[in-house]
S.K.: 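Please read through the structure below; I'll follow up with questions.
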Amino acid sequence: MRINSVAIIGSGIAGMRAAQLLVEQGHKVTVFEKSSGTGGRLASSKLGEGSIDLGAPIIDANDVEFESWLREQGVEQWFPSNATLQLEKRKPISGWVMAPRSSALTRQLAGGVELRTNVRVAVVWPDREGVLLRDAAGEALGHFDAVVIAAPAPQAATLLDAIQRFRHRAEKTAVSAIWTMALSLPERPAVLADVDWLEGEDEVIARVVRDSSKPQRSGENWIIQATEAWSQQVLDLEPDDVGREMLDAVSRAIGETLIPENVRVHRWRYARATPEQGHENALWDEQSGIGACGDWLCGGNVEGAWRSANELVARILGSRLKVA
Ligand SMILES: Cc1cc2nc3c(=O)[nH]c(=O)nc-3n(C[C@H](O)[C@H](O)[C@H](O)COP(=O)(O)OP(=O)(O)OC[C@H]3O[C@@H](n4cnc5c(N)ncnc54)[C@H](O)[C@@H]3O)c2cc1C
């Protein structure tokens with residue numbers, strides 16, 4: 001198999017890390033993304049005059065290789081002051097955040113890539129000319145020597161129709177939803193004067209994070225994340241109703257009523273994956289040229305998605321070296 005052109009479906013960390021490695025090796029890479037910007041669950045969103053990180057609020061690095069890659073990309077270490085939802089102080093936590101917003105990380109990995117946003121790929125099918133992609137209207141998007149599917153498991157499943165064993169793996173992966181609320185406040189609440197991160201035992205609220213405490217941010221922007229169990233219970237409610245309940249729950253916990261200036265409520269339908277243990281961290285079918293990577297195959301987090309992309313690209317390059 002001679003691999004030159006590669007299509008990547010999904011511009012989250014897995015897709016864009018795969019793109020970075022393939023571009024470095026001289027491949028012609030096209031990334032298809034159904035949204036208007038890059039990032040996936042590391043995306044940022046407009047809020048009032050500014051922007052806010054709507055997905056993962058922090059990146060954990062457990063491995064030195066990943067940590068040194070984050071440093072190379074200019075991702076900064078962050079030590080938010082930490083408390084329970086009832087405002088009992090805890091030891092500070094640490095992690096990594098991109099400045100000035102989290103989507104800047106995947107955006108900068110797009111160098112040398114043809115990035116096609118607002119395109120939802122609906123069909124991935126191998127034929128004599130390579131792997132054919134079609135959009136939801138049935139229009140051909142082109143033939144490629146290889147295709148990397150870097151979408152969350154439920155969305156990857158339909159795209160993996162040509163390789164049934166891969167499709168089954170995607171279908172078997174558990175993925176939970178998380179409701180998230182972004183809000184800007186006129187000023188910092190007095191009770192939260194020295195707290196950037198709240199987390200604790202609560203039926204409704206999992207985390208409250210001061211986005212404005214991250215490097216190169218301004219304003220008074222906060223993120224509230226609901227628990228996975230509660231998000232599942234209210235999965236199909238209207239965003240306004242969900243937001244009202246989340247705001248009430250936070251106000252109750254901290255003992256102060258929050259009155260936001262701007263609000264955005266977002267349902268992450270496929271927020272957190274639980275990868276099956278004891279399986280490969282990436283999927284690659286050399287015969288068809290179709291592969292998959294992402295957090296649902298490794299770790300269930302940003303680091304795992306990055307690792308999965310590394311493993312998939314190593315296997316794609318291995319095929320090329322063996323046969324080309
Ligand atoms: C609220 C929340 C909090 C989180 N907290 C943390 C945390 O604290 N620490 C941590 O490490 N991780 C956290 N995570 C998980 C982390 O964000 C993900 O594990 C990681 O970002 C997944 O990356 P990915 O590239 O595998 O998938 P994604 O980021 O989901 O990227 C997939 C991309 O594929 C696109 N796509 C899907 N289908 C198609 C299609 N048919 N055609 C074109 N494009 C398509 C999507 O639009 C998306 O952009 C959190 C996630 C959420 C939602």
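As the structure lists them, so they are numbered: ligands from 1, and atoms in each ligand from 1.
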S.K.: Between R41 and D53, does at least one N-O distance fall below 4.0 Å, as a salt bridge requires?
M.R.: no
S.K.: Measuring from I259:CD1 to L183:CG, what's the distance to the nearest 0.5 Å?
M.R.: 12.0 Å
S.K.: Hey, which atoms in ligand 1 end up nearer than 4.0 Å to a heavy atom of S35?
M.R.: 47 (O)
S.K.: Which atoms of ligand 1 are found less than 4.0 Å from any heavy atom of A150?
M.R.: 31 (O), 32 (C), 33 (C), 34 (O)
S.K.: If you measure from each non-hydrogen atom of V119 to ligand 1, which part falls under 4.0 Å: side chain, backbone, both or neither?
M.R.: backbone
S.K.: Give yes if a backbone or side-chain nitrogen or oxygen of A271 is under 3.5 Å from a nitrogen or oxygen of ligand 1, and no if not.
M.R.: no
S.K.: For the atom pair CZ (R90) and CG (L198), what is the distance rounded to the nearest 0.5 Å?
M.R.: 9.0 Å
S.K.: Would E33 count as a polar contact of ligand 1, with the cut-off being nitrogen or oxygen pairs under 3.5 Å?
M.R.: yes
S.K.: Provide, to 0.1 Å, the distance between atom 31 (O) of ligand 1 and the closest protein heavy atom, together with that atom's residue and name.
M.R.: G12 CA, 3.4 Å
S.K.: Can you label the angle between the H266 ring and the W268 ring as parallel, tilted or perpendicular, going by 30° and 60°?
M.R.: perpendicular
S.K.: Is it the case that ligand 1 has an N or O less than 3.5 angstrom from some N or O of I13?
M.R.: yes
S.K.: Enumerate the atoms of ligand 1 whose separation from the nearest heavy atom of P152 is less than 4.0 angstrom.
M.R.: 30 (O), 32 (C)
S.K.: Please work out whether any backbone atom (N, CA, C, O) or any side-chain heavy atom from C-beta onward of R207 is under 4.0 Å from ligand 1, and answer side chain, backbone, both or neither.
M.R.: side chain
S.K.: Could you tell me, atom by atom, which parts of ligand 1 come under 4.0 Å of a heavy atom of I58?
M.R.: 7 (C), 8 (O), 9 (N), 10 (C)
S.K.: Within the 4.0 Å heavy-atom shell around G40, which atoms of ligand 1 are there?
M.R.: 29 (O), 31 (O), 48 (C), 49 (O)
S.K.: How long is the gap from CH2 on W230 to CD1 on I205, to the nearest 0.5 Å?
M.R.: 7.0 Å
S.K.: Is it true that the side chains of T38 and S11 contain a donor and an acceptor less than 3.5 Å apart?
M.R.: no
S.K.: Considering distance alone, does some N or O of Q225 sit under 3.5 Å from an N or O of ligand 1?
M.R.: no
S.K.: Would R120 count as a polar contact of ligand 1, with the cut-off being nitrogen or oxygen pairs under 3.5 Å?
M.R.: no
S.K.: In terms of atom number and element, which parts of ligand 1 are under 4.0 angstrom from non-hydrogen atoms of Q155?
M.R.: 37 (C), 38 (N)
S.K.: Select the closest option to atom 28 (P) of ligand 1 among R116, R272, R41, judged by heavy-atom distance.
M.R.: R41
S.K.: Can you name the atoms of ligand 1, numbered from 1 with element, that are less than 4.0 Å from a heavy atom of G39?
M.R.: 29 (O)
S.K.: L42 to ligand 1: N or O pair under 3.5 Å?
M.R.: no
S.K.: Among D194, N82, T84, find the one that has a side-chain hydrogen bond (donor to acceptor under 3.5 Å, both in side chains) with K89.
M.R.: D194
S.K.: Hey, could you give me the CD1/CG distance between I290 and D161, rounded to the nearest 0.5 Å?
M.R.: 10.0 Å
S.K.: Return yes when H266 approaches ligand 1 closer than 4.0 angstrom through a heavy atom, no otherwise.
M.R.: no
S.K.: Indicate yes or no: does E238 engage R244 in a salt bridge with an N to O separation below 4.0 Å.
M.R.: no
S.K.: Taking distance alone, with N or O pairs closer than 3.5 Å, would you say V121 contacts ligand 1?
M.R.: yes
S.K.: Taking R167 first and then E171, would you say they form a salt bridge - that is, a charged N and a carboxylate O separated by under 4.0 Å?
M.R.: yes
S.K.: Does ligand 1 have an atom that lies less than 4.0 angstrom from a heavy atom of G300?
M.R.: yes
S.K.: Do the ring planes of W306 and W69 sit parallel (below 30°), tilted (30 to 60°) or perpendicular (above 60°)?
M.R.: tilted
S.K.: Which distance, rounded to the nearest 0.5 Å, do you find between the CG of L160 and the CZ of R169?
M.R.: 11.0 Å
S.K.: Any idea which protein heavy atom is nearest atom 44 (N) of ligand 1, and the distance to it?
M.R.: K34 N, 3.1 Å
S.K.: Quick one: nearest non-hydrogen protein atom to atom 25 (O) of ligand 1, plus distance?
M.R.: A14 N, 2.9 Å
S.K.: Within ligand 1, which atoms have a heavy atom of F32 less than 4.0 Å away?
M.R.: 43 (C), 44 (N)
S.K.: Using heavy-atom distances, let me know which of G10, S308, A305, G55 sits nearest atom 34 (O) of ligand 1.
M.R.: G10
S.K.: Taking atom types as modelled, find out whether W222 and E220 have a side-chain donor-acceptor pair closer than 3.5 angstrom.
M.R.: yes
S.K.: With no hydrogens and no angle check, do the side chains of Q20 and R17 hold a donor and an acceptor under 3.5 Å apart?
M.R.: yes
S.K.: Name the closest protein heavy atom to atom 26 (O) of ligand 1, giving the residue it belongs to and the distance to 0.1 Å.
M.R.: D295 N, 3.0 Å
S.K.: Under the salt bridge (charged side-chain N to carboxylate O under 4.0 Å, His left out) test against D196, which residue among R217, K214, R188 passes?
M.R.: R188
S.K.: Looking at ligand 1, is there an atom of it that comes within less than 4.0 Å of some heavy atom belonging to T180?
M.R.: yes
S.K.: With backbone taken as N, CA, C and O and side chain as the heavy atoms from C-beta onward, which portion of V302 lies under 4.0 Å from ligand 1: side chain, backbone, both, or neither?
M.R.: both
S.K.: For the atom pair OG (S102) and CG (L42), what is the distance rounded to the nearest 0.5 Å?
M.R.: 5.5 Å
